[in-house]
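Data block below; observations after.
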Protein chains: 2
Amino acid sequence: MPPQKQAANLGDIARALGVSVATVSNALSGKGRVSASLVPRVREMADRMGYVPSLAGRALRTGRTGVLGLVLPDIANPLFPQIAQAIEFAAGSAGYGTLIGDSRGDSAVQTEAIHRLVERGVDGLVVVPRRGTRISDADCPVAVIDSPSTPGNTVSADHRQGGALVGAHLAALGHRRVLLLGNNPASAVQNDRLDGMRDALSGHAEVEVLWIEPYEREREPGSLLDLAGHVAAGVTAVAAVSDLHALRAVTELHRAGHRVPEDVSVTGFDDLSWSGAITPALTTVRADMLRIATIAVSSLVRVIEGKDEAPDGFVVSTDATRVPMSLVVRQTSGPVRRTSYEETTR
Amino acid sequence: MPPQKQAANLGDIARALGVSVATVSNALSGKGRVSASLVPRVREMADRMGYVPSLAGRALRTGRTGVLGLVLPDIANPLFPQIAQAIEFAAGSAGYGTLIGDSRGDSAVQTEAIHRLVERGVDGLVVVPRRGTRISDADCPVAVIDSPSTPGNTVSADHRQGGALVGAHLAALGHRRVLLLGNNPASAVQNDRLDGMRDALSGHAEVEVLWIEPYEREREPGSLLDLAGHVAAGVTAVAAVSDLHALRAVTELHRAGHRVPEDVSVTGFDDLSWSGAITPALTTVRADMLRIATIAVSSLVRVIEGKDEAPDGFVVSTDATRVPMSLVVRQTSGPVRRTSYEETTR
DNA sequence: CTGAAAGCGCTTACAG
DNA sequence: CTGAAAGCGCTTACAG
């Protein structure tokens with residue numbers, strides 16, 4: 001007997017078995033007391049009839065939809081795939097669907113996106129907020145993924161510790177003069193990363209920060225960073241707060257005739273998808289997104305399922321968890337070598 | 001009077017106004033005949049009471065959820081953000097939410113992801129299928145975004161025309177010997193792009209295809225493409241089927257001591273987020289994702305809302321629409337110049 | 001251990 | 001033009 005196609009419901013199963021829908025519901029959910037002998041019969045019949053529970057019916061009755069909303073600052077952000085994939089996986093594993101909302105880099109759109117998701121009845125929200133935004137009461141539990149420096153309860157990678165990983169790595173390689181590269185002095189994430197680098201390098205190397213102009217897709221041709229000038233001044237390593245900046249550094253150094261890492265080491269941050277594919281492959285720092293996502297989703301789910309209280313204006317407490325980052329050493333970072341200039345002047 | 005907080009429903013409004021829920025429903029939806037004088041009163045009261053329609057109630061009654069599923073071959077794919085953003089926007093504009101599903105690069109997971117979305121009651125599905133997968137009946141309308149060479153009804157960028165754009169561009173710049181770069185001879189998308197390039201270059205330049213090994217995040221250090229060898233043999237332009245390959249070409253050429261584009265032009269494909277940020281900025285080809293998404297979503301919505309028949313086993317007909325791509329000329333592609341070698345040997 | 005009943009919020013024929 | 005009623009599919013007290 002082939003499984004039937006058209007959606008059967010609890011009533012169909014109950015009728016087929018001569019029992020009540022309540023009993024079928026209980027047998028399937030394992031909640032109410034049902035005679036042991038009935039459970040397998042119900043299950044089998046449900047299978048045979050191709051029973052798929054109606055989420056709408058369940059949602060109407062329970063007031064829960066089994067869906068989480070994911071609000072991102074800008075889907076076009078290159079880091080987004082990692083986050084979205086991790087959240088989708090964590091949510092799926094917990095039995096939840098993932099509805100996406102895009103802030104398109106705009107606070108007003110972010111607010112609107114949150115409202116739309118709430119109207120759709122999401123049970124909880126994972127928000128990666130736009131810089132500087134605070135998520136207020138959203139009529140549902142919210143988990144925030146952000147920098148550790150953000151006030152309030154958040155889950156996030158430990159950007160500072162990640163920075164320290166880079167700093168320690170470069171110090172161990174013998175670098176004495178390191179140029180740090182960022183593009184936004186107002187970014188908590190960037191500052192955390194830079195602070196970590198500074199900490200780990202202090203006592204080992206001179207450090208200088210170069211704030212480049214904010215990233216623009218179509219910047220002026222020829223607007224270079226003058227890395228060559230810094231190299232001439234003795235810099236042997238460039239540590240960027242993002243793979244994007246690192247890539248820019250590598251390509252500009254190459255173009256200026258320097259070799260990476262023979263003349264200058266370069267490190268990035270985030271392990272974007274292409275960072276292993278360039279030549280030389282980029283040394284970078286990776287967040288454990290799956291862990292971050294799992295923490296965010298599970299705290300949310302605990303509140304949704306009533307196992308935790310929702311503290312602090314409905315924002316989920318995660319004890320401001322910091323998830324350690326890990327260093328991915330590839331070919332752009334190497335030991336300091338004497339430059340050929342110094343070698344030839346001996 | 002401040003707007004009330006707790007979710008009001010149709011019954012609350014009806015009670016407040018002394019009319020029936022049916023009337024309120026009709027007034028709000030504009031469907032049933034309601035006296036003109038009542039409509040604004042109902043609307044106003046709904047606003048004042050902070051009425052938010054229950055999607056669950058509506059879904060249970062109408063059998064529609066107002067949610068579309070988006071199934072992606074691999075969220076980690078760098079092209080994904082563009083697609084997801086466009087679909088989310090198009091769906092949102094049409095009044096639909098977007099539930100995501102990730103195939104994680106695995107056909108079995110893809111099938112499972114589709115099932116999960118269908119179980120969640122999505123009204124339709126936008127699928128970017130894994131290579132070689134055909135989406136069969138999914139119990140809901142499906143729009144497929146894929147290569148034009150894929151059998152069946154799909155929406156897609158016109159990859160071949162995009163390739164021709166690159167070819168024509170390089171031909172116009174005077175290149176006589178062009179190396180095409182791909183990594184998967186079985187990919188319909190890549191072959192379409194290459195065919196377009198070949199077409200446009202034929203009669204103008206000698207063309208050769210280099211299939212590099214499939215992209216791996218952590219490839220063997222030092223596995224280079226020997227682009228230098230090709231350059232020595234007279235190649236003045238490298239046209240890649242992806243920005244990723246183009247990036248690899250640029251970095252390897254740099255490292256081999258060639259300048260881009262002075263010695264060798266390089267072009268990519270897809271306009272990934274970083275392609276304007278490298279130095280030199282990457283010449284590439286961009287798909288009109290918003291248009292593609294709009295076509296996919298609107299064909300889906302027409303079927304869902306009963307304005308079109310669902311043809312061909314529930315797969316939405318889009319007349320196999322081909323959306324033209326556009327060339328983004330940046331700094332990696334330039335006119336052929338005599339090499340300094342030849343200049344100095346005169 | 002099992003069943004009858006209520007009700008989540010909505011929309012849609014159907015009667016008035 | 002408006003209202004009473006049914007019913008989408010489910011779960012959960014409550015009686016038996």
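Side chains are part of it too, since the values below use all heavy atoms of this structure and drop only hydrogens, waters and symmetry mates. All chains are named by letter (A, B, ...) in the order of the sequence lines, taking the proteins before the strands, and each is independently numbered beginning at 1.
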Checklist entry - Side-chain N or O of B:Thr23 less than 4.0 angstrom from OP1 or OP2 on D:dG3? => result yes
Checklist entry - In residues 36-44 of chain B, which ones come under 4.0 Å of DNA chain C, going by heavy atoms? => result none
Checklist entry - In this structure, are over 12 heavy atoms from other groups packed under 6.0 Å from A:Glu119 atom CD? => result yes
Checklist entry - Taking all non-hydrogen atoms of both residues, which atom of A:Arg120 and which atom of A:Leu99 are closest, and how far apart? => result CD-CD2, 3.8 Å
Checklist entry - Can you tell me if the side-chain N/O atoms of B:Ser35 get under 4.0 Å from OP1 or OP2 in D:dC1? => result no
Checklist entry - Distance-only, no hydrogens or angles: does the A:Ser25 side chain make a donor-acceptor pair with backbone N or O of A:Val21 under 3.5 Å? => result no
Checklist entry - Measuring from A:Ile13:CD1 to A:Glu44:CD, what's the distance to the nearest 0.5 Å? => result 12.0 Å
Checklist entry - Does any non-hydrogen side-chain atom of B:Leu79 lie less than 4.5 Å from one of B:Gln82? => result yes
Checklist entry - Rounded to the nearest 0.5 Å, what separation is found between the CG atom of A:Leu117 and the CG atom of A:Asp123? => result 12.0 Å
Checklist entry - Got a donor-acceptor contact below 3.5 angstrom from the B:Asp12 side chain to the B:Ala8 backbone? => result no
Next on the checklist: Please name the nucleotide paired to D:dA15 by Watson-Crick or G-U wobble geometry with both distances under 3.5 Å, or report none.
Outcome noted: C:dT2
Checklist entry - What's the shortest heavy-atom distance between A:Pro141 and A:Val303, and which atoms? => result CG-CG1, 3.7 Å
Item to check | Footprint string (nucleotides 7-16 of chain D, 5' to 3'): B base within contact, S backbone only, - free, heavy atoms under 4.0 Å | outcome: BBBBBB----
